[in-house]
Structures are given as structure tokens and as C-alpha cells.
Amino acid sequence: MDKKPCNSQDAEVRKGPWTMEEDLILINYIANHGEGVWNSLARSAGLKRTGKSCRLRWLNYLRPDVRRGNITPEEQLVIMELHAKWGNRWSKIAKHLPGRTDNEIKNYWRTRIQKHMKQAENFNGQISSSEHNDHQANTSQISGAVEAVESYSPPLSYPENLEGNSMSFPC
DNA sequence: AAGACGCCCAACCGCAGGATG
DNA sequence: ACATCCTGCGGTTGGGCGTCT
């Protein structure tokens with residue numbers, strides 16, 4: 001959708017990385033007025049950003065309780081468990097990981113876990129011709145929670161991305 | 001030492017659904 | 001009941017940075 005914008009100042013909308021000044025303006029404004037109604041917030045605060053952009057910046061970066069970096073093995077397990085249950089419902093998964101954002105979890109999944117899955121997939125593809133059941137022995141190569149990736153099973157009923165998630169799980 | 005390559009993360013885009021007039 | 005607006009979500013992309021050759 002994204003219906004036609006309702007004001008005439010769109011030519012001035014800024015895009016790209018946020019500056020420190022913009023961050024400060026947003027933080028101060030929210031500290032004084034609270035969150036909500038992002039479009040008018042953006043305008044009232046004098047930010048030449050869309051409400052969407054302000055919301056994203058606040059939720060993913062500026063919020064005081066946001067934790068960044070260093071996803072723990074425990075968190076990783078939770079992510080995998082919930083992803084197995086719900087599929088790509090990142091915001092839902094994020095609600096179970098206090099301080100983590102859907103964007104972060106999504107990035108984490110794409111960059112780390114999917115990579116490990118591919119590796120595990122290839123690896124199992126190679127060994128499956130010879131032996132099926134002793135791949136536990138190989139999990140020692142993949143330390144900590146990552147080994148759980150190999151035993152990961154996709155949700156039985158992905159709401160909409162059954163075919164999108166075309167990985168085959170060799171377990 | 002320099003260029004090529006790959007990874008990671010912040011931010012944008014488009015869509016869907018809910019709220020409101 | 002309908003049209004419009006706003007918010008939230010998931011997918012995708014571009015750029016910075018580190019590592020490799």
C-alpha cells in the first residue's frame with residue numbers, strides 16, 4: 001500500500017545513515033513526549049525523516065534497553081527453537097528475547113545460522129552416502145549451540161513460507 | 001602493501017492489516 | 001460500508017570493515 005503521502009514536504013525527506021544530531025533530537029523528543037504516532041512525531045521533532053524511519057531507528061538502535069552484539073548460546077538456542085516453531089516470525093521471536101530486535105535476530109539468522117545450516121547440509125550430504133547415523137561424531141566440529149543446527153527441524157506448518165524455506169533438513 | 005573477497009549490520013522498500021473518519 | 005492513513009512486519013540491499021591471497 002503505502003498510500004499517497006499526505007503532506008507536500010516529501011521532497012525534503014532524508015534517507016540513509018542517521019547523524020548524531022538526528023539521534024539526539026529523536027532521543028530528546030521521545031524522552032519528553034514519549035513514543036507513538038511516528039509520523040507526527042517526526043514532523044514535530046523537526047526531523048526530516050519518515051515516521052517509519054524514526055520508529056526503526058528508535059526500536060533497533062536508540063531504545064535504552066536494546067542489547068546489541070554477542071548473541072549468547074542460550075539466545076541462539078531460543079532463536080532456533082522458536083524459529084522451528086514459528087518460522088520467520090522475527091518480531092514474535094524477538095519478544096521472547098528481551099533487548100533483542102527483530103532486525104537483529106533476522107540478520108543473525110541469515111548470516112550465521114543459515115550459513116551453518118548450509119555447511120551442515122553439505123557435510124551430511126557428503127557423509128550420507130557412506131553412513132547415516134554417526135554424524136553425532138562430527139558435531140564436535142561445531143561447538144556449543146551451533147551443533148543444534150544439525151538437529152534443527154523446520155516448522156511442520158510454516159504459515160506462508162513453506163516453499164521459501166527450501167532447505168532440506170537431513171536429520 | 002595492495003587489491004579482491006566475504007561477512008555483518010543498518011537502513012530502506014513494499015505489503016498487509018488495523019484504526020479512524 | 002468505504003476510503004484513507006498509520007503502523008508493523010518481513011525481505012532485501014548497500015556500504016563499511018576485516019580477512020585472505
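Nothing here was measured: the structure is a model prediction, and the numbers come from that model. Below, chain A is the first sequence line, B the second, and so on; all start at residue 1.
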Sub-4.5 Å side-chain heavy-atom contact between [X] and [Y]:
X: A/Leu41; Y: A/His33; result: no
X: A/Thr101; Y: A/Leu59; result: no
X: A/Met80; Y: A/Trp109; result: yes
X: A/Trp90; Y: A/Asn103; result: no

Hey, does the side chain of [X] come within less than 4.0 Å of [N]'s phosphate (OP1/OP2), counting only N and O?
X: A/Arg110; N: B/dC9; value: no
X: A/Arg89; N: C/dG10; value: yes
X: A/Trp90; N: C/dG11; value: yes
X: A/Arg55; N: C/dC9; value: yes
X: A/Ser53; N: B/dC12; value: yes
X: A/Arg57; N: B/dA11; value: yes
X: A/Thr111; N: B/dC7; value: no
X: A/Trp109; N: C/dG10; value: no
X: A/Asn88; N: C/dC9; value: no

Starting at [atom1] of [X] and ending at [atom2] of [N], how long is that distance when rounded to a whole Å?
X: A/Leu41; N: C/dC6; atom1: CG; atom2: C1'; result: 13 Å
X: A/Arg49; N: B/dA11; atom1: CZ; atom2: C1'; result: 9 Å
X: A/Trp86; N: C/dC9; atom1: CH2; atom2: C1'; result: 15 Å
X: A/Trp38; N: B/dA19; atom1: CH2; atom2: C1'; result: 18 Å
X: A/Asn39; N: C/dG8; atom1: CG; atom2: C1'; result: 13 Å
X: A/Leu56; N: C/dG10; atom1: CG; atom2: P; result: 13 Å
X: A/Leu59; N: B/dC12; atom1: CG; atom2: C1'; result: 15 Å
X: A/Trp58; N: B/dA11; atom1: CH2; atom2: C1'; result: 18 Å

Practice task
At under 4.0 Å between heavy atoms, which parts of nucleotides 14-20 of chain C does protein reach? Answer with one letter per nucleotide, 5' to 3': B base, S sugar-phosphate only, - none.
Solution key: -------
Exercise for the section: For A/Asn39 and A/Gly51, indicate whether the former's side chain and the latter's backbone hold a donor-acceptor pair under 3.5 Å. Expected result: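 Confirmed, A/Asn39 side chain pairs with A/Gly51 backbone.
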Exercise for the section: May I ask you to decide if A/Ser40's main-chain N or O and A/Ser44's side chain share a donor-acceptor pair within less than 3.5 Å? Expected result: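 Here the side-chain-to-backbone pair exists.
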Problem - Test: A/Arg43 cationic atom under 6.0 Å from A/Trp38 six-membered ring centre, within 45° of axis - result: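 No, cation not above the ring by the 6.0 Å, 45° rule.
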Practice task
Residues of residues 95-106 of chain A with any non-hydrogen atom less than 4.0 angstrom from an atom of DNA chain C: list those, numerically ordered, please.
Solution key: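 The answer is A/Lys95, A/Lys106.
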Problem - Donor-acceptor pair (no angle test) under 3.5 Å: A/Lys52 side chain, B/dG14 base - result: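 Yes.
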Practice task
Indicate, yes or no, whether a donor-acceptor pair under 3.5 Å links the base of B/dA11 to the side chain of A/Asn60.
Solution key: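 In this structure, the two groups form no donor-acceptor pair.
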Practice task
Mind checking A/Gly16 for me? I need base, sugar-phosphate or nothing, with any heavy atom below 4.0 Å counting as a touch.
Solution key: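 If one applies the 4.0 Å heavy-atom cut-off, A/Gly16 turns out to touch the sugar-phosphate alone, with no base involved.
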Practice task
Quick one: label A/Asn107 by what it contacts on the DNA or RNA (base, sugar-phosphate, nothing), any heavy atom closer than 4.0 Å.
Solution key: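 Here A/Asn107 touches the bases of the nucleic acid.
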Problem - Stepwise side chain to side chain contact (heavy atoms under 4.5 Å, CB included) test for A/Ile105 and A/Leu97 - result: CA-CA 9 Å; A/Ile105 294 170; A/Leu97 293 165; 3.6 Å; yes
Problem - A/Glu75 with A/Arg67: basic N within carboxylate O range, under 4.0 Å - result: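 Answer for the salt bridge query: yes.
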Problem - Lys/Arg-Asp/Glu bridge criterion (N-O < 4.0 Å) met for A/Arg14, A/Glu22 - result: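 The answer is yes: the pair qualifies as a salt bridge.
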Handout entry: A/Lys85 side, atom NZ; A/Ile93 side, atom CD1 - distance, nearest 0.5 Å
Key =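 Taking NZ in A/Lys85 and CD1 in A/Ile93, the distance rounds to 10.0 Å.
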